[in-house]
Amino acid sequence: MAKYRIAVLPGDGVGVDVMEAAMIVLDRVGLDAEYIYGDIGWEFWRTEGDPLPERTIELLKKTDACLFGAITSKPKKEAAEELVPELRDKGLVYRSPIVRLRQMFDLYINLRPCKAFKGNPLNYRDDIDLVIFRENTEGLYSGVEFRPVPDEVRTAMENHSPNMKKYRNVPGDELAISCRVFTKKGCERILRAAFDYARRNEKRSVTVVEKPNVIRETSGMMVEIARKIAPEYAPVELWETNVDAMAMWLVKNPYDYDVLVASNMFGDIISDLAAQLVGGLGFASSGNIGDSYGVFEPTHGSAPKYAGQYKVNPTAMILASRLMLDWLGEKEKANAILNAVAEVIAEGRVRTYDMGGTASTLDLANAVAQHIG
Ligand code: IPM
Ligand code: MG
């Protein structure tokens with residue numbers, strides 16, 4: 001029996017292309033694994049009314065980790081219109097499968113390294129090496145939302161928050177509320193994950209990216225907990241920056257930062273910005289990590305217009321497989337992939353279109369594979 005069982009969910013769009021590329025590289029490092037392919041994505045939404053079928057959830061439960069490509073998602077109304085006729089008007093609501101997986105498996109860390117590889121013509125500046133820890137299960141992604149807002153909810157809010165009173169005359173169907181739910185546990189575990197990482201990797205600082213001057217209760221709680229636990233991790237320093245200022249500082253002085261930690265939505269936004277500093281989403285990988293399971297994916301979406309053309313840069317997916325190996329404890333194999341990617345980029349002979357080249361998705365994967373021992 002193989003040492004690991006890995007669920008492979010290519011999804012749709014370019015998810016399929018980049019997964020094929022990553023598997024070329026994984027085969028080359030020779031991980032002792034059984035790869036089990038599963039269904040996820042737009043096709044299953046259209047034909048079964050669920051982009052994340054139950055059988056896929058069962059598959060994940062029986063595996064050690066999951067590699068996930070990308071899937072198309074659309075706003076509520078458009079999604080409902082694309083259902084096969086038999087499934088229409090049944091009140092089915094499209095919900096992002098990756099967000100569901102993160103919550104269902106309690107994958108509370110979204111680890112997003114943003115490293116500028118030497119020789120990448122797309123680097124905003126060279127030598128950027130940031131790691132983002134994004135809280136991955138709560139905040140504005142908690143799914144606690146109202147539209148229209150039920151009367152009981154309104155009344156309860158008015159009774160407890162003077163600020164709610166100013167909306168008294170707004171009709172229920174003209175009001176929408178999305179709750180930003182934070183828990184002490186949720187804040188503490190993402191902060192500790194960031195600090196542990198910083199200490200282990202001898203990083204100077206952890207920057208907590210929130211907005212406590214305005215969002216007093218949720219951001220306030222995150223910063224308060226950060227201050228409380230930070231001394232345990234000395235000499236790692238705690239820095240505090242408001243999210244708007246962070247966007248500016250990341251463009252101005254990206255080298256000043258080591259590890260950033262943020263709640264779900266702020267982490268989402270900051271991580272796209274940071275990805276662009278190091279070449280764009282084609283280079284940005286993510287690990288959705290919990291205490292006993294991990295789902296590893298590129299940060300980019302499914303780019304349907306490039307689907308099946310083997311055109312897009314598979315580096316993000318290849319680096320996601322490297323994050324998986326690292327998390328599984330296969331450090332040597334993980335480093336072999338990282339070094340091979342770095343070498344291929346530094347050489348600059350094999351480049352996909354985003355880097356100004358003509359190589360295909362699989363050309364790049366083969367080049368990386370050839371650089372592995
Ligand atoms: C990401 C993506 C997802 C998110 C989408 C696809 C739901 O933007 O992983 O950053 O918002 O988390
Ligand atoms: Mg995002």
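Whatever order the structure lists them in is the order used to number ligands and atoms, beginning at 1.
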Original post:
Below 4.0 Å from any atom of ligand 1, is there a heavy atom belonging to S73?
Top reply: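 For ligand 1, residue contact (heavy atoms, under 4.0 Å) with S73 is absent.
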
Original post:
Does H300 come within less than 4.0 Å of ligand 1, judged by its heavy atoms?
Top reply: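 Contact absent.
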
Nearest-contact summary for [atom] - protein heavy atom, Å:
atom	value
atom 2 (C) of ligand 1	D268 OD1, 4.1 Å
atom 3 (C) of ligand 1	R102 NH1, 4.2 Å
atom 7 (C) of ligand 1	S96 OG, 3.6 Å
atom 6 (C) of ligand 1	I98 CG2, 4.4 Å
atom 4 (C) of ligand 1	Y141 OH, 3.5 Å

Subject >> D268 N/O/S atom closer than 2.8 Å to the Mg ion (ligand 2) >> reply: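 So D268 does bind the Mg ion (ligand 2) by this criterion.
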
**OP:** Step by step, work out the salt bridge (charged side-chain N to carboxylate O under 4.0 Å, His left out) result for E297 and R102.
**Re:** CA-CA 12 Å; E297 53 162 341; R102 290 167 181 168; 2.9 Å; yes

Original post:
Side chain, backbone, both or neither: which part of R112 comes within less than 4.0 Å of ligand 1 when only heavy atoms are counted?
Top reply: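 For R112, only side-chain atoms sit under 4.0 Å from ligand 1.
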
**OP:** Please could you name the atoms of ligand 1 that R134 approaches to less than 4.0 Å, counting only its heavy atoms?
**Re:**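 Contacts of ligand 1 toward R134, numbered from 1: 1 (C), 4 (C), 9 (O), 10 (O), 11 (O), 12 (O).
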
**OP:** Classify the ring geometry between F117 and F283 as parallel (under 30°), tilted (30 to 60°) or perpendicular (over 60°).
**Re:** tilted

Original post:
If you measure from the Lys or Arg side-chain nitrogens to the Asp or Glu carboxylate oxygens, is any gap between E217 and R180 under 4.0 Å?
Top reply: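 No salt bridge links E217 with R180.
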
Original post:
Are the charged groups of K74 and E81 less than 4.0 angstrom apart, N to O?
Top reply: no

